[in-house]
Trainee: 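Could you have a look at this structure, given as structure tokens, before my questions?
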Amino acid sequence: MNIKELRNNSRILIEVDLQPLQGSRFQPTGFPDLGAATYTLNDDTEMLLVESAQSMANRLEAVCWDEARDDLIPELQGIPFVESTLPDGIKTNSLLEAHRVNSPYLVNATGFEKIVEEIGFKENQPFDRQKLAKALFKFDPNSLLHGVFLEKIGGVVRLPRALTGFIEASNIKNVSSGGAKIDRIQPSSKESDKVTSYGKAAAGYGNIPFHREEFTGNIKAYFNVDTALINGFQVSEDAKDFLVVLALYKIRRFLSQGLRLRTACDLEIVGEVKFKRPDGVMLPSEQELGGQIKDLIQKNAKDFASPAKTAVVFNKDKAEASKKGKKGKSDDSTEE
């Protein structure tokens with residue numbers, strides 16, 4: 001795979017057919033006030049959002065982290081990220097937080113000031129987004145790939161995603177089912193029943209019936225690498241190659257390691273991974289991309305923070321002070 005040639009295209013577009021690992025039913029993402037996100041195309045095709053772009057961004061970052069070791073996977077050792085220590089000693093970092101470096105546990109931390117300084121935002125002056133791109137590449141290149149909105153610093157301190165993914169299903173059919181939680185000690189399921197020494201259904205006692213909504217359909221994952229955006233960053237050619245290969249590695253690893261989206265949504269690839277743009281390209285194996293990313297980490301080490309892990313400490317007073325200042329809303333969220 002020739003990275004330079006890939007970067008000559010304004011977009012890298014990838015599509016992958018998926019299917020349930022077992023059976024035919026799957027559970028899509030759900031929203032508290034909406035339920036499953038169904039919609040109809042103008043040709044009357046019934047569609048379903050299986051996984052949103054916001055959730056996929058978090059999943060694409062999760063495949064970089066080894067939960068058992070509580071560290072980056074071996075292939076990505078040396079990639080910069082920001083780690084915050086909370087008052088109780090628990091640690092979190094920009095790879096695990098849904099809002100990346102905009103997490104309040106990082107922004108409201110002692111030590112984050114040096115990142116803010118390199119971003120270079122100043123009130124009542126034009127903001128140079130190239131400084132933001134360079135700072136993110138130095139301290140947390142994953143935020144540069146997945147987009148960031150640092151509204152706590154300034155309303156213009158933001159960059160769109162360079163890597164986007166989502167999963168849809170077409171020609172869907174609803175599968176309605178249900179069940180009941182059986183209480184062998186206090187089997188009554190009527191809320192109006194006399195209160196016993198244990199309690200009512202609202203507290204989890206008694207027989208509790210429930211409904212369940214799943215779907216069947218044709219599932220497809222889509223990935224978009226915005227190479228035009230990456231090529232527009234004022235970083236080195238090696239840095240641009242690194243960002244493109246990192247994006248492709250995340251996609252490949254997600255397809256091999258991350259397709260169990262939920263308990264009732266365990267998927268697998270059908271056929272080959274297809275490049276829609278440019279045509280005729282094959283996505284390399286996880287091993288091949290892992291080798292390339294290791295080499296590019298070494299080539300870019302001089303432009304990464306040293307040490308690669310920037311340690312900050314959550315500051316409760318700083319967090320309280322920020323509540324009295326500007327309030328903003330990040331455009332990256334996680335569905336229920």
Side-chain angles (χ1 to χ4, degrees), residues 1-18 53 56-57 59-61 63-64 72-80 129-130 132-138 140-148 159-168 220-259 269-304 308:
M1 182 181 65
N2 190 315
I3 301 301
K4 302 293 189 222
E5 289 184 5
L6 279 181
R7 282 180 42 211
N8 287 335
N9 299 270
S10 62
R11 300 286 188 278
I12 298 172
L13 303 182
I14 297 173
E15 297 181 8
V16 190
D17 290 322
L18 304 172
M56 283 290 284
R59 293 186 182 280
L60 287 164
E61 289 210 287
V63 298
C64 299
L72 283 164
I73 60 174
E75 291 81 1
L76 299 184
Q77 290 292 323
I79 288 183
R129 283 187 173 81
Q130 293 296 343
L132 173 60
K134 291 176 182 177
L136 290 177
F137 187 79
K138 178 177 180 178
D140 185 35
N142 281 284
S143 286
L144 192 53
L145 270 185
H146 293 292
V148 71
L159 283 172
R161 294 186 184 94
L163 170 59
T164 303
F166 59 92
I167 303 176
E168 293 179 341
K220 183 171 286 191
Y222 298 85
F223 301 95
N224 181 331
V225 183
D226 190 342
T227 43
L229 177 64
I230 292 173
N231 286 332
F233 295 146
Q234 291 179 0
V235 295
S236 70
E237 292 299 303
D238 283 338
K240 294 172 184 177
D241 288 349
F242 166 80
L243 291 171
V244 172
V245 174
L246 179 59
L248 296 177
Y249 181 70
K250 283 170 172 276
I251 293 169
R252 174 55 87 182
R253 188 165 170 80
F254 169 77
L255 293 173
S256 65
Q257 306 285 334
L259 282 175
I269 297 174
V270 180
E272 298 293 331
V273 179
K274 304 167 189 171
F275 270 72
K276 301 297 288 186
R277 186 185 303 174
D279 189 30
V281 179
M282 297 291 292
L283 183 64
S285 67
E286 185 178 331
Q287 291 73 24
E288 183 179 342
L289 287 167
Q292 287 183 302
I293 204 68
K294 281 183 177 181
D295 291 341
L296 286 164
I297 289 171
Q298 294 298 318
K299 289 181 179 179
N300 286 282
K302 64 183 183 305
D303 294 321
F304 289 157

Trainee: Mind running side-chain contact (heavy atoms from CB on, under 4.5 Å) on Val225 and Ile251 for me, showing each step along the way?
Mentor: CA-CA 10 Å; Val225 183; Ile251 293 169; 4.2 Å; yes
Trainee: Could you grab the distance from atom CE of Met282 to atom CD of Glu272, nearest 0.5 Å is fine?
Mentor: 4.5 Å
Trainee: Assess the residue pair Ile167 and Lys220 against the criterion (side-chain contact (heavy atoms from CB on, under 4.5 Å)); give the C-alpha distance rounded to whole Å, side-chain angles, the decisive distance to 0.1 Å, and a yes or no.
Mentor: CA-CA 6 Å; Ile167 303 176; Lys220 183 171 286 191; over 6 Å; no
Trainee: Begin with the C-alpha distance, continue with both residues' side-chain angles, and end with the deciding distance and a verdict on side-chain contact (heavy atoms from CB on, under 4.5 Å) for Leu289 and Leu283.
Mentor: CA-CA 9 Å; Leu289 287 167; Leu283 183 64; 4.2 Å; yes
Trainee: Are Leu248 and Gln292 packed together at the side-chain level, in the sense that at least one heavy-atom pair is separated by less than 4.5 angstrom?
Mentor: no
Trainee: Quick one: pull up CG in Leu145 and CG in Leu229 and give me the separation to the nearest 0.5 Å.
Mentor: 9.5 Å
Trainee: Grab the two heavy atoms, one from Ile269 and one from Leu18, that are nearest each other, plus how far apart they are.
Mentor: CA-CD2, 4.0 Å
Trainee: Ignoring hydrogens, what is the shortest heavy-atom contact between Phe223 and Met56? Give both atom names and the distance.
Mentor: CE2-CE, 3.6 Å
Trainee: Would you compute the distance between atom CG of Asn224 and atom CZ of Arg277 and round it to the nearest 0.5 angstrom?
Mentor: 8.5 Å
Trainee: List the atom of Lys250, the atom of His146, and the distance in Å for their closest heavy-atom pair.
Mentor: NZ-NE2, 3.2 Å
Trainee: Exactly one of Asp241, Asn2, Thr227 should register a side-chain hydrogen bond (donor to acceptor under 3.5 Å, both in side chains) with Arg7. Which one does?
Mentor: Asp241
Trainee: To the nearest 0.5 Å, tell me how far Gln287 CD sits from Tyr249 OH.
Mentor: 8.5 Å
Trainee: Once rounded to the nearest 0.5 Å, what's the spacing between atom NZ of Lys274 and atom OH of Tyr222?
Mentor: 9.5 Å
Trainee: Are Glu286 and Arg252 within salt-bridge range, i.e. N to O under 4.0 Å?
Mentor: no
Trainee: For the CG atom of Leu259 and the CZ atom of Arg59, what is their distance to the nearest 0.5 Å?
Mentor: 9.5 Å
Trainee: Can Asp303 and Lys134 be counted as an ion pair, charged N to O under 4.0 angstrom?
Mentor: no
Trainee: Is the distance between the ring centroids of Phe137 and Phe304 under 6.0 Å?
Mentor: yes
Trainee: If we ignore hydrogens and angles and just use 3.5 Å, is the side chain of Gln130 paired with the main-chain N or O of Val235 as donor and acceptor?
Mentor: no
Trainee: As a quick check of understanding, evaluate side-chain contact (heavy atoms from CB on, under 4.5 Å) for Leu246 and Leu76, giving each step before the final call.
Mentor: CA-CA 9 Å; Leu246 179 59; Leu76 299 184; 4.1 Å; yes
Trainee: Any sub-3.5 Å donor-acceptor pair from Lys240's side-chain atoms to Asn231's backbone N or O?
Mentor: yes
Trainee: Of all the heavy-atom pairs spanning Phe233 and Ala133, show the shortest one and how long it is.
Mentor: CD2-CB, 3.8 Å
Trainee: How far apart are the closest heavy atoms of Glu75 and Ile297, and which atoms are they?
Mentor: O-CD1, 3.7 Å
Trainee: Identify the two heavy atoms, one from Val63 and one from Phe254, that lie closest to each other, and give their separation to 0.1 Å.
Mentor: CG1-CA, 3.9 Å
Trainee: Sort out for me which residue in Leu243, Asp238, Ile79 forms a side chain to side chain contact (heavy atoms under 4.5 Å, CB included) with Asn300.
Mentor: Asp238
